[in-house]
Amino acid sequence: ARAVARLHLGLMLAHAISELRRPDGAGLSTAVGLLSEAESRAGDDPLGDEIRFARAVCYGILGDLPAARAALSRISSLPGSRLAKAKKLAGG
C-alpha cells in the first residue's frame, strides 16, 4: 500500500509501528525516520497526535527521555484516558 500512497499518514504510521514491533529492534531507525516525516506532514490532521505518541515511544526506546516528554507534551487529543496518561508521562 505504501508503494501506491507513499505519503499517506495512516500508512506511514502503520508502517512505523510494524517496524517498532520487530523483535530484534532492527526497525527502530526506519520507524524514527517514518514518524519524523509523518509528523512534519501532519499539520492539523487528526493522526498528528497518534504520530507524536508513536514518536514518544521511539524516543523512550532510545532512552531519550527529554525528547519523549517533549513529544508527549505536544499531544492535544487522544482517545479515552490515553491523553491523561501521556500528559502524566510528560510531567504535566
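Count residues from 1 along the sequence. Keep in mind that the numbers below use all heavy atoms, side chains included, and drop hydrogens, waters and symmetry copies.
- Atom CD1 in Ile17 sits 15.5 Å away from atom CZ in Arg22 (nearest 0.5 Å).
- Using a 4.5 Å heavy-atom cutoff, the side chains of Ile75 and Glu50 are not in contact.
- By the 6.0 Å contact criterion, CG on Asp44 is open, its count of non-hydrogen atoms from other residues, nucleotides or ligands being 12 or less.
- In this structure, CD on Glu37 lies 10.5 Å from CD1 on Ile51, to the nearest 0.5 angstrom.
- For Ser73 against Ala70, the heavy-atom pair with the smallest separation is OG-O, 2.8 Å.
- In this structure, CZ in Arg55 is found 4.5 Å from CD in Glu39, a value given to the nearest 0.5 Å.
- A 4.5 Å side-chain heavy-atom check between Met12 and His8 finds every atom pair outside the cut-off.
- Both Val57 and Leu62 belong to a common hydrophobic cluster when Ile, Leu, Val, Met, Phe, Trp and Tyr are linked at side-chain heavy-atom distances under 4.5 angstrom.
- Nearest heavy-atom pair, Leu9 versus Ala38, reported as atom, atom and distance to 0.1 Å: CD2-O, 3.5 Å.
- The two residues Glu19 and Gly27 have their closest heavy-atom pair at OE1-CA, 3.2 Å.
- A side-chain contact (heavy atoms from CB on, under 4.5 Å) with Leu20 is found for exactly one of Thr30, Val32, Leu34, Leu28, namely Leu28.
- For the pair Gly48 and Ala42, the tightest heavy-atom approach, listed with the atom from each and the gap, is CA-CB, 3.9 Å.
- At a threshold of 4.5 Å between non-hydrogen side-chain atoms, the residues Phe53 and Leu72 count as touching.
- Scanning both residues, Leu13 and Leu35, for their nearest heavy atoms gives CD1-CD2, 3.9 Å.
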